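Below is one structure, written out as C-alpha cells; comments come after it.
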Amino acid sequence: MKVVLLQDVKGQGKKDQIVDVSDGYARNFLLPKKLAAIADAAVMNDIKNKEAAKAHKIEVEKKEARDLAEKLQSLTVKLKIQGGADGRVYGSVTTKDIAEAMKEQHKIDIDKRKIVLDAPIKNYGAYTLDVKLYPEIGGKINLVVIEG
C-alpha cells in the first residue's frame with residue numbers, strides 16, 4: 001500500500017515522503033496513529049502543490065537577495081566614531097554598528113549576523129565588507145569610518 005508520511009517515521013522515511021508499506025502495517029499502525037495517509041490522487045496533488053510553492057518561495061528569496069546585492073554595491077555607509085589623536089577609534093566598530101547605520105542611512109535592514117567582519121575595525125578609513133544574503137549569494141558593503 002502506498003502511503004504519504006505525515007511525520008518522520010523511523011525506518012520508513014521523512015515527512016511528505018511517499019513510501020510503499022505492507023497493508024497491515026499501514027492499517028494497524030501508521031493510519032490509526034496519524035503518522036501517514038493513504039496516497040490517493042488528492043493527497044498526491046497536495047504534495048505537488050506544496051513542493052511547487054516551496055520552490056517558488058526559494059526562487060523569490062534568491063531574486064530578492066540578488067537585487068539587494070546589486071543595490072548594496074552602489075551604496076556607501078558612513079560611520080562617525082569618537083577617536084584619539086593617533087587616528088585610532090575608541091573601542092571598535094562592530095557589525096551591530098554597521099547594521100544600525102545601514103538602516104538609518106539607507107532604510108535597508110540587514111541582520112548583523114550576516115555581515116562578515118574578519119577583524120575588528122579600530123582605525124578610520126574606507127573598508128569593503130562581505131555580506132551573506134542567501135546561501136551562495138553574497139554582497140559587499142562599502143564602509144567609511146570617519147571621526148565624529
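Note: hydrogens, waters and symmetry copies are ignored here, and every other heavy atom, side chains too, is used. Remember, predicted model here, so these are calculated numbers, not experimental data.
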At what distance, to the nearest 0.5 angstrom, does [atom1] of [X] lie from [atom2] of [Y]?
X: Glu147; Y: Lys80; atom1: CD; atom2: NZ; answer: 11.0 Å
X: Asp130; Y: Leu72; atom1: CG; atom2: CG; answer: 11.5 Å
X: Lys15; Y: Ile47; atom1: NZ; atom2: CD1; answer: 10.5 Å
X: Arg113; Y: Lys132; atom1: CZ; atom2: NZ; answer: 12.5 Å
X: Lys33; Y: Gln7; atom1: NZ; atom2: CD; answer: 11.0 Å
X: Lys96; Y: Leu117; atom1: NZ; atom2: CG; answer: 15.0 Å

Test Val77 against Ile141 for side-chain contact (heavy atoms from CB on, under 4.5 Å), laying out the working first. CA-CA 7 Å; Val77 180; Ile141 293 178; 4.0 Å; yes
Candidate list Ile108, Ile115, Leu79, test side-chain contact (heavy atoms from CB on, under 4.5 Å), partner Met102, passing option: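 Of the listed residues Ile108, Ile115, Leu79, the side-chain contact (heavy atoms from CB on, under 4.5 Å) partner of Met102 is Ile108.
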Can you find a heavy atom in the side chain of [X] that is under 4.5 Å from one in the side chain of [Y]?
X: Tyr134; Y: Ile58; value: yes
X: Val116; Y: Asp118; value: yes
X: Lys140; Y: Gln73; value: yes
X: Lys62; Y: Ile137; value: yes
X: Thr94; Y: Ile98; value: no

Between [X] and [Y], is there a donor-acceptor pair closer than 3.5 Å when you use the side chain of the first and the backbone of the second?
X: Asp40; Y: Val43; answer: yes
X: Asn28; Y: Gly24; answer: yes
X: Asn142; Y: Leu75; answer: yes
X: His56; Y: Glu51; answer: no
X: Tyr124; Y: Ile81; answer: yes
X: Asp109; Y: Lys103; answer: no

For the pair Asp67 and Lys63, find out whether any cationic side-chain nitrogen is under 4.0 Å from an anionic carboxylate oxygen.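 A salt bridge is present here (some side-chain N lies under 4.0 Å from a carboxylate O).
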Ignoring hydrogens, what is the shortest heavy-atom contact between [X] and [Y]? Give both atom names and the distance.
X: Lys122; Y: Gly91; result: CG-O, 3.9 Å
X: Ala39; Y: Val4; result: CB-CG2, 3.8 Å
X: Gly139; Y: Ala69; result: CA-CB, 4.1 Å

Through direct or indirect side-chain contacts below 4.5 angstrom among Ile, Leu, Val, Met, Phe, Trp and Tyr, which residues connect to Leu31?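 For the cluster that includes Leu31, the remaining residues are Met1, Val3, Leu5, Val9, Val19, Val21, Tyr25, Phe29, Leu30, Leu35, Ile38.
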Determine, stepwise, if the pair Ile18 / Met44 fulfils side-chain contact (heavy atoms from CB on, under 4.5 Å). CA-CA 9 Å; Ile18 300 169; Met44 299 290 278; 3.3 Å; yes
Step by step, would you call Leu143 with Ile121 a side-chain contact (heavy atoms from CB on, under 4.5 Å)? CA-CA 10 Å; Leu143 174 70; Ile121 297 174; 3.6 Å; yes
